[in-house]
Amino acid sequence: MRWTRPGILGGLLVGPPNHEVTGMAYGDVGVELGARVAGALRRGLGVEITPAEAVIRPSTRPGADYQCNAAMALAKKLGTPPRQVAQAIVDNLDSADLVAGTEVAGPGFVNLKLSDGWLAARAAALLADDRLGVDSAAEPRRFALDYSSPNVAKEMHVGHLRSSIIGDAVLRLLRFAGHEVTPHNHLGDWGTPFGMLIEHLVDEGWTPGGGHTISDLNGFYQAARVKFDADPAFADRARARVVRLQSGDEPTLALWQQLVDESTRHFEGVYATLGIQLTRDDLYGESFYNPLLDDTVSDLEGKGLTRVSDGAVCVFPPGFTNREGEPLPLIVRKSDGGYGYAATDLATVRYWAGERGMTDLLYVVGTPQAQHFAMVFAASRQAGYLTDGHTAVHIGFGSILGEDGKTIRTRAGGSVKLAELLAEAVDNAAKIVAERSAQDAAAQAEVARAVGIGAVKYADLSNDREKDYVFTWSRMLATEGNTSVYLQYANARCHSVLTKSGTTPDPATEVLLGTEQERALALALVRLPAAVDAAVAGYAPHKLCAYLFEAATTFTAFYDACPILKEDVPAELRASRLALVAATSRVLTLGLGLLGIEAPHVL
RNA sequence: GCCCCUGUAGCUCAGCGGAUAGAGCAGGAGCCUUCUAAGCUCUUGGCCGCAGGUUCGAGUCCUGCCAGGGGCACCA
């Protein structure tokens, strides 16, 4: 069977008029189609499958919007030829409202074409829906999300970029999906270097009273380090200072707190520039967990999970071996009595799952830490800190590499400070904005910021986070192709047309899909929920990026082919197209927002 | 030595066991008396590292090689 062509070629109205929108199911169209296919199989062949087992996929074939790949797999189980199963699906499909055409093709594919009436109604309904068709989680969970994790007395560098950007996108995605998310920033604010740093503060004339600032955090750290290595007397003072810090000496703690505050101001500046949502209240540094470590180790000991090895208290979670094939330890207390990061991370699990009642623990940390987290999670399950009701996920990400395949460096060859990298991105954007924008200087500066920061974020988020990613300055700052600017530009064009129209599209506007570009755009808009679901499920922002780029290119093709405000465009068609434009803008703005990228109305 | 990750167009990357593997950039040819050309249309370019296997069907799953990266006891 060939597709019946429901549209009037060259005409305005397609699909059944007066199509009923009521009772429309939102969410992923593929899931809806899967449910219909499942129903068809139940009626036709008495087979029970889930919507997911219907294997509905978007189709790239001309004339098909989706395809169902279930028949081939079922054929074997049922002892029925696959094309016959496929035909049974087609014959029993109860979807006149939703599907306009079906076709059995190849070995047993069922091609599905959505009805234009349904698609038009669904696209029109987007305007009235704040969530643009995306379902809210049926069973919201409680997430604790660890990301960014800079160090006190060190400037944030490019190594913190991915954790910050990815973590923030995951935060926004999960919250939008209807979950409760508590971010926590695992600040490196404790340990032996702080004796050295505090002594250096004292030498610099700092007093517990406060009022001091550090203009160059890295310089401060390096100066302390140099003194520590060169001056034995200073080194002794530093060691003594660590003891006082650990024992809770008040003046020492006051100085330490000032150092933390000073560093926090720096982080807040970077977060503000980057548009990262972390605040002071989200700081849960190593110092926060420090008082919990004794008890955590005691607890592990009490549960009989520890063994002393070479003077260190260790947990040996099953399944991990070292290079000699012996069990690999998680060292919870070092032989010198101190604690390492294994103890701290076990304490984080115990705190967030136990004390705070979180169901899902997420750690946005580089992939080299994969084994460490696997061991921490395994040990946490042994200790009962994590139960069957908990999930713990290491959201790993690859390294940022330069063009030479090595760790990224500045053009001069130094390590890249985040603040400088972001400033360069904004400066670069500002040059391009200045060439093109007719806005005043203040507005241009805002646009440059949105564009420059967006470029940095999108360059990161649009790649599969688990892989290393090579970035080059030219690509990160690029303003053409698959970049955030392309999405922002498409959105700005939407706003330009909407503004010029002098109207606000009414959610009740009837959407007409008379051209292939209009239909393609409606279809793209309706696919947002599937993209968001996929990005959330896999903590995979790049899946949302891919969708948004697809939606934007589809819009641009529509924009190119379908005049809207030209004089010869009939009023109903103009209204319909404006509704599509408005919906497109909403989708792009929401999508970019979930990535933490701004969507200015004017570029 | 063991474990993990990666290998897809010249470059950077998508690709969910399904049909003829897709984008962007770079290369080639066109498109502005403008609803924003930061754009659009057309086009060149592939032994999906190699070899087996499983399957009706493999870039995708399994095994073995090759190449690159990472991890493997007191730094975090």
Side-chain angles (χ1 to χ4, degrees), chain A residues 55 57-61 67 69 72-73 75-76 81-82 105-109 111 149 151 186 188 191-193 286 309-314 319-326 328-336 338-342 344-345 365-372 374 396 398-399 401 403 405 432-433 435-438 451 459 462-464 466-472 474-475 478-483 485-486 488-490 492-501 534 538 542-543 545-546 549-550 553 556-557 559-566 569 574 577-578 581 602-603:
Chain A
V55 200
R57 299 283 182 264
S59 173
T60 53
R61 302 187 88 74
Q67 59 183 26
N69 301 336
M72 283 81 78
K76 185 163 225 175
F109 298 104
N111 288 332
S149 313
N151 295 308
H186 197 104
T192 50
E286 287 160 2
S309 174
D310 291 346
V313 180
C314 305
F320 298 91
T321 54
N322 67 9
R323 69 182 80 217
E324 276 79 43
E326 298 154 353
L328 190 63
L330 210 46
I331 295 172
V332 295
R333 183 153 57 211
K334 298 188 283 186
S335 53
D336 67 0
Y339 295 106
Y341 75 146
T344 311
D345 280 336
V365 180
T367 50
Q369 304 287 336
Q371 183 175 259
H372 165 73
S399 308
L401 306 176
E403 287 168 84
I432 296 164
V433 171
E435 290 168 10
R436 301 168 191 271
S437 175
V451 167
S462 58
N463 287 315
D464 180 351
E466 292 200 62
K467 297 187 185 177
D468 287 352
Y469 102 87
V470 176
F471 89 53
T472 60
S474 61
R475 202 156 59 83
T479 59
E480 54 182 15
N482 187 1
T483 63
V485 194
Y486 182 88
Q488 291 169 322
Y489 183 66
R493 287 172 131 184
C494 290
H495 280 285
S496 175
V497 173
L498 290 168
T499 303
K500 280 215 167 78
S501 78
H542 81 281
K543 296 194 176 184
C545 292
F549 183 65
E550 173 71 26
T553 54
T556 320
Y559 182 88
D560 203 50
C562 301
I564 301 163
L565 302 177
K566 299 280 165 71
V569 179
R574 175 177 301 175
R577 288 179 175 171
L578 282 169
V581 170
V602 180
L603 283 199

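Throughout, protein chains are lettered first and strands after them, A, B, ... in sequence-line order, and every chain is numbered starting at 1. Keep in mind it's a predicted model, so treat the numbers as computed, not measured.
- Checking B:rC13, B:rC35, B:rA73 against every side-chain atom of A:Lys500, the shortest atom distance belongs to B:rC35.
- Comparing atom distances between the A:Gln67 side chain and each of B:rA19, B:rA38, B:rG7 picks out B:rA19 as nearest.
- For A:Asn111 against B:rA19, a side-chain N or O and a base N or O form a donor-acceptor pair under 3.5 Å.
- Proximity note for A:Thr556 (side chain, C-beta onward) versus B:rC13, B:rG39, B:rC35: the nearest is B:rG39.
- OP1 or OP2 of B:rA37 has at least one side-chain nitrogen or oxygen of A:Arg493 nearer than 4.0 Å.
- Side-chain to base pairing of A:Ser309 with B:rA73: one donor and one acceptor N or O lie within less than 3.5 Å of each other.
- Here B:rG7 sits opposite B:rC66 as a Watson-Crick or G-U wobble pair (both hydrogen-bonding atom distances under 3.5 Å).
- No engagement by A:Ala342 is indicated, since no non-hydrogen atom pair under 4.0 Å with the nucleic acid exists.
- Using modelled atom types, one side-chain atom of A:Thr553 and one backbone atom of A:Phe549 make a donor-acceptor pair closer than 3.5 Å.
- Residue-nucleotide stacking is present for A:Phe109 and B:rA19, judged by a side-chain ring centre under 5.5 Å from the six-membered base ring centre and planes under 30° apart.
- Between A:Lys543 atom NZ and B:rA14 atom P there is a gap of 11 Å when expressed in whole angstrom units.
- We find that OH of A:Tyr559 is positioned 20 Å from P of B:rC31, with the value rounded to whole Å.
- With distances taken from any side-chain atom of A:Lys467 to the nucleotides B:rG39, B:rU6, B:rA73, the minimum falls on B:rU6.
- Base pairing analysis places B:rG27 opposite B:rU43; the two distances defining the Watson-Crick or G-U wobble pair are each below 3.5 Å.
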Using the side chain to side chain donor-acceptor pair (under 3.5 Å) rule, take A:Tyr489 and A:Thr556 through it: C-alpha gap first, then chi angles, then the decisive distance, then the call. CA-CA 10 Å; A:Tyr489 183 66; A:Thr556 320; over 6 Å; no
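- In this entry the distance linking CG of A:Asp468 with C1' of B:rG71 reads 13 Å, nearest Å.
- Contact annotation: A:His495 does not reach the phosphate of B:rC35 (side-chain N/O to OP1 or OP2, under 4.0 Å).
- Glycosidic conformation at B:rC32 (O4'-C1'-N9-C4 for purines, O4'-C1'-N1-C2 for pyrimidines): syn, within 90° of 0.
- Between A:Glu480 atom CD and B:rU36 atom C1' the separation is 16 Å, expressed in whole Å.
- Rounding to whole angstrom units, CZ of residue A:Arg323 and P of B:rG70 are separated by 14 Å.
- Closest contact between the side chain of A:Gln371 and the listed nucleotides B:rG71, B:rG18, B:rA73 involves B:rG71.
- Rounded to a whole Å, the CZ atom of A:Arg436 is 19 Å from the P atom of B:rU34.
- Nearest to the side-chain atoms of A:Asp560 among the listed nucleotides B:rC40, B:rU12, B:rC35 stands B:rC40.
- For A:Glu550 against B:rA23, no side-chain N or O and base N or O form a donor-acceptor pair under 3.5 Å.
- If you check B:rU36, B:rA23, B:rA14 against the side chain of A:Phe549, the one that comes closest is B:rA23.
- Under 4.0 angstrom from either OP1 or OP2 of B:rC40 there lies at least one side-chain N or O belonging to A:Tyr486.
- B:rG59 sits 10 Å from B:rG49 when the P atoms are compared, rounded to a whole Å.
- No donor-acceptor pair closer than 3.5 Å links the side chain of A:Asn463 to the backbone N or O of A:Tyr469.
- When both distances must be under 3.5 Å, the Watson-Crick or G-U wobble mate of B:rG1 is B:rC72.
- Checked against B:rC35, B:rG39, B:rU12, the side chain of A:Tyr489 finds its nearest nucleotide in B:rG39.
- The listed nucleotides are B:rC13, B:rA38, B:rA76; the one nearest the side chain of A:Thr479 is B:rA38.
- Closest to the side chain of A:Gln369, from the set B:rA73, B:rG18, B:rA76, is B:rA76.
- Atom-to-atom, CZ of A:Arg574 to P of B:rC35 comes out at 13 Å; the value is rounded to the nearest Å.
- Between A:Leu565 atom CG and B:rC35 atom C1' there is a gap of 5 Å when expressed in whole angstrom units.
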